[in-house]
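Structure, as structure tokens:
Chain letters run A, B, ... following the sequence lines, proteins first and then strands; every chain starts at 1.
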There are 2 protein chains.
Amino acid sequence: MTEELEITFEKLSFCFETRKFADLRILLLDMEPFDIASFMENNLDEKEQIMFFRLLPKELASDVFVEFDSDTQERLIKAFTDKELKAVVDDMFLDDTVDIIEEMPANVVKRILKNSDPENRKQINELLEYPDDSAGSLMTTEYISFAASTTVEAAFDKIKKIGINKETIYTCYVTDRKKKLIGVVTVKDMLLAEKNELIAHIMDTNVITVETLDDRENVALKFTNYGFLALPVIDKEGCLVGIVTVDDAVEVIQEEATEDIQMMAGVIADETPYLKQSIWNIWKSRVPWLLLLMISATFTSMILSNYETSLAAITGGAVLYAFVPMLMGTAGNAGNQTSVTVIRAVALGDVKFKDIFKVILKELLAALLLGLTVSVVCFLKLMFIDNLYNEISVRVALIVSSVMWLSIVMAKLVGCILPLIAKKCKLDPAVVASPFMTTIVDVLSLIIYCSVAIAVL
Amino acid sequence: MTEELEITFEKLSFCFETRKFADLRILLLDMEPFDIASFMENNLDEKEQIMFFRLLPKELASDVFVEFDSDTQERLIKAFTDKELKAVVDDMFLDDTVDIIEEMPANVVKRILKNSDPENRKQINELLEYPDDSAGSLMTTEYISFAASTTVEAAFDKIKKIGINKETIYTCYVTDRKKKLIGVVTVKDMLLAEKNELIAHIMDTNVITVETLDDRENVALKFTNYGFLALPVIDKEGCLVGIVTVDDAVEVIQEEATEDIQMMAGVIADETPYLKQSIWNIWKSRVPWLLLLMISATFTSMILSNYETSLAAITGGAVLYAFVPMLMGTAGNAGNQTSVTVIRAVALGDVKFKDIFKVILKELLAALLLGLTVSVVCFLKLMFIDNLYNEISVRVALIVSSVMWLSIVMAKLVGCILPLIAKKCKLDPAVVASPFMTTIVDVLSLIIYCSVAIAVL
């Protein structure tokens, strides 16, 4: 938070506490909705929030409301009168209303729908039909469209008349009589054209679109690749049904990255900001993987118990135990490096399932080289460092370091194949990442270690 | 890739091979620069790329050029004549030129600068002075600004005259005579206002800005929070020196997420798309952490060797070895869940160093609860599953499961404290994440295990 903002927050608190509401409103008019929401959530208690919200200048109320997290939204809605709720809902963009509704319990949803204007209610209901995470659920129906026969001047008139309530005016869409999308025209194109030019002559007919059921990750990727301000969403017939704007895409990109990062670490994704998560929610999001992985470690315990007697019986076998964590750890790290790299490449669209053989070849070569480096260093470490506290024969050092090599190669192959197969099976590659991969790599590296040791010693 | 795009790619290949260059140009005019670049990089060899580039319609050449990865750019520049280079460079936005220059070897940089227009060269040199990863290195100087006394009509005339070469025209800036930023006005505001209205009356004087030396991560965060299309960059005196547009912010957000994800997995960040990375580069980005972690595993080997004789001497002690991977693994997973969650929260600005006690308290409570759940399940697993292949006394099961509890609590505390301390020391929290944390947690959980075992048995 900048210093300037901190000072504004102090002023807000002062005006609110001393009931200087006129001054408060003047301050608020100069602020961004996001900052007002974060002031209210971090500096006011629940009762104060409701009182403060009622003091907001009318034109700011809905903009601030959409910035709250869903708990605060739910609390406020419950405190609103029907009239207040209607004022807030009518002033919101439809995609924001839909986002909020998706997080609310059924009775709150009912109240929101009851208090929205009939035309909006119909559109909200349509938007709610689209699956979560689809382009349809992300889009808004508040876009501007023209017929191709419109002149630039008429187009500007239309923008002036209806633009204020549209999510963006800078990219406009050209549709035919059946609402089929036939072109796109930007305000920049229109400004640089003559007044009486037809839209048909300046529009771009090569339109990049997404379909209503496309995954929102794909939508975000198109924004990254093409740098657009808005993307049109079409249905199966090619008719324009909505648009997604870049600000929503930015949020999706951040959320998808957070989700992937959390899943790679075995945490079930949760969008709530960390400090607002309850202990119970934290427990719920972390306990499944922690338990699953703990239980799956039964395999490693079994293998170790199984080889225990055989290893202990061999001269020099007992010393091998000390290196189990190092071997399993290194294999796990090696596998993790690969799986995480491949998962991210898949998410960014750089790698597809059809590239699997290229990826395997690349990882195999890299693994042979990496494995060689690490094993040589490991051999030297065993002879010169570990020898200081434990007697290690050249033979033992050779076993450990060559198993290290094999394990790294194995781990990297598992690490690159698993996420690609997951993608092919339409599972989220991030889910199979660290957690599953670790278990497989642990078991395989232990088996390699124990069997090589017994064979050689 | 969509089906439609695949067909276009096939047509391009066909026209290129059969030398139907007129048809080729018609196809190209209807394509997005990003798609043309990806066609050239994936379907043409090096010689063909140069030939193909020379066939591009003039107005597309620079737009396509900025979409190439830096290897292709370097190769093309080396093949260009001075005249060709000048044409491409003059047509690029300055921030793109700077991005490209930052990736090129010195002799190529010299040639680019020599071939750019003197006025641009001066500005490029200024932009190059800003540190990498700063708002200054991200911005462009191609924005539109007005005096406050301009009328809306005059403002539109200015946009029509110079807008074509500006990165964005939709957000314009209002500066005083000393270039101090005093307001911001959007084309939407201007379209909805009367022709003879003064900009002073419709501009927004509460401008959210960034400073030239601000970290680019902060710039990206402001875009996420406020949903702007552009952000003005000011110097220490408050003078407007450039703007950052949302398309660049989107790229930064993706890159920062990729960087964090890679670093959390012990891979040194690399922006090159995966399939284009050489084996050598992969080796370089992965070997340091792999070696460091392998060597730091010396600690676990030392601890295990140290306790080996004592444990083996105790009745029932030997069986404990089998559970070392499970304990260390679970502690590592528990710590990883926390560190990754906290690192991401820090990156998103949800958590700051001053929240450290809140975070520790939250994690401690969550850890006690999670640890309890996992230990109870672990105890049951030991008694009913592991007992099937190994004789386990109630006492051993109690030792293992209570150490499990302690280790989870310890790991979660380490996992939340480390990234916050790193942030405080101005280190990247993602770097200390998994790699360092794992080593610390491994060592501590082993020490707890061995000492509890010896004390009890």
Side-chain angles (χ1 to χ4, degrees), chain A residues 30 32 34 159-160 169-170 188 191 206 223-227 246-247 250 253-254 257-258 261 265-267 273-274 279 282-283 286-287 290-291 293-294 297-298 300-302 304-305 321-323 325-326 328-330 333 336-337 340 344-345 350-351 365-366 369-370 373-374 377 385 389-390, chain B residues 30 32 34 159-160 169-170 188 191 206 223-227 246-247 250 253-254 257-258 261 265-267 273-274 279 282-283 286-287 290-291 293-294 297-298 300-302 304-305 321-323 325-326 328-330 333 336-337 340 344-345 350-351 365-366 369-370 373-374 377 385 389-390:
Chain A
D30 249 3
E32 290 297 324
F34 175 83
I159 292 178
K160 284 178 196 170
I169 63 161
Y170 300 133
K188 186 172 180 175
L191 278 175
N206 167 49
F223 276 98
T224 317
N225 290 341
Y226 297 116
V246 66
D247 53 317
V250 167
I253 292 171
Q254 291 280 33
T258 306
I261 289 175
V267 177
Y274 177 76
I279 304 290
I282 293 184
W283 182 86
R286 297 185 189 171
V287 84
L290 217 48
L291 280 180
L293 290 171
M294 190 271 290
T298 307
T300 56
S301 309
M302 273 172 75
L304 278 176
S305 305
Y321 272 120
F323 304 112
M326 176 182 73
M328 282 174 59
T330 307
N333 290 329
N336 208 24
Q337 286 182 327
V340 163
R344 185 64 184 162
D350 290 340
V351 167
L365 292 174
L369 215 65
L370 274 165
T373 323
V374 175
V377 177
I385 302 179
Y389 62 85
N390 208 335
Chain B
D30 249 2
E32 290 296 323
F34 174 84
I159 292 177
K160 284 179 196 168
I169 63 162
Y170 300 133
K188 185 172 182 176
L191 278 175
N206 168 48
F223 276 99
T224 317
N225 290 341
Y226 297 117
V246 66
D247 52 319
V250 167
I253 292 172
Q254 292 280 32
T258 306
I261 288 175
V267 177
Y274 177 76
I279 305 288
I282 293 184
W283 182 87
R286 296 185 190 172
V287 83
L290 217 47
L291 279 180
L293 290 171
M294 188 270 290
T298 307
T300 56
S301 308
M302 272 172 74
L304 278 175
S305 306
Y321 272 121
F323 304 111
M326 175 182 74
M328 282 173 62
T330 307
N333 290 330
N336 209 24
Q337 288 183 326
V340 163
R344 185 64 184 162
D350 290 341
V351 167
L365 292 174
L369 214 64
L370 276 165
T373 322
V374 176
V377 176
I385 303 179
Y389 62 86
N390 208 336

Where on [X] is there a heavy atom nearer than 4.5 Å to chain B: the side chain, the backbone, both, or neither?
X: A:Met294; result: both
X: A:Val246; result: side chain
X: A:Ile169; result: side chain

Does the pair B:Gln254 and A:Gln254 meet the rule for a side chain to side chain contact (heavy atoms under 4.5 Å, CB included), with working shown?
-> CA-CA 8 Å; B:Gln254 292 280 32; A:Gln254 291 280 33; over 6 Å; no

Ignoring hydrogens, what is the shortest heavy-atom contact between [X] and [Y]? Give both atom names and the distance.
X: B:Trp283; Y: A:Leu369; result: NE1-O, 3.7 Å
X: A:Leu290; Y: B:Thr330; result: CD1-O, 4.1 Å
X: B:Leu365; Y: A:Ile279; result: CB-CD1, 3.7 Å

Listed partners of B:Tyr170 passing ring-ring contact (aromatic ring centres under 6.0 Å, His included), at least two apart | A:Tyr170

A:Tyr274: what forms a ring-ring contact (aromatic ring centres under 6.0 Å, His included) with it, not counting sequence neighbours?
-> none

With under 30° as parallel and over 60° as perpendicular, where do the rings of A:Tyr321 and B:Tyr321 fit, or are they tilted in between?
-> parallel

For the pair B:Ser301 (side chain) and A:Ala322 (backbone), establish whether a donor and an acceptor sit closer than 3.5 Å, ignoring hydrogens and angles.
-> yes

Are the side chain of B:Thr300 and the backbone N or O of A:Pro325 linked by a donor-acceptor pair below 3.5 Å?
-> no

Need one label for [X]: side chain, backbone, both or neither, based on atoms under 4.5 Å from any heavy atom in chain A.
X: B:Met302; value: both
X: B:Arg286; value: both
X: B:Val287; value: both
X: B:Ile385; value: side chain
X: B:Leu370; value: both
X: B:Ala345; value: side chain

Evaluate the side-chain proximity of B:Thr298 to A:Tyr389: yes if any heavy-atom separation is below 4.5 Å, no if none is.
-> yes

Can you find a heavy atom in the side chain of A:Lys160 that is under 4.5 Å from one in the side chain of B:Lys188?
-> no

Separation between CD (A:Gln337) and CD1 (B:Ile282), nearest 0.5 Å, reads 10.5 Å

Determine the option with the most heavy-atom pairs under 4.5 angstrom with chain A, choosing from B:Ile159, B:Val267, B:Asn225.
-> B:Asn225

In terms of heavy-atom pairs under 4.5 Å with chain A, which of B:Asp350, B:Val377, B:Asp30, B:Asp247 leads?
-> B:Asp30

Highest number of heavy-atom pairs under 4.5 Å with chain B: which of A:Leu304, A:Ile261, A:Val250?
-> A:Ile261

Go through the steps for A:Glu32 and B:Asn206 under the test side chain to side chain contact (heavy atoms under 4.5 Å, CB included), then give the verdict.
-> CA-CA 8 Å; A:Glu32 290 297 324; B:Asn206 168 48; 4.2 Å; yes

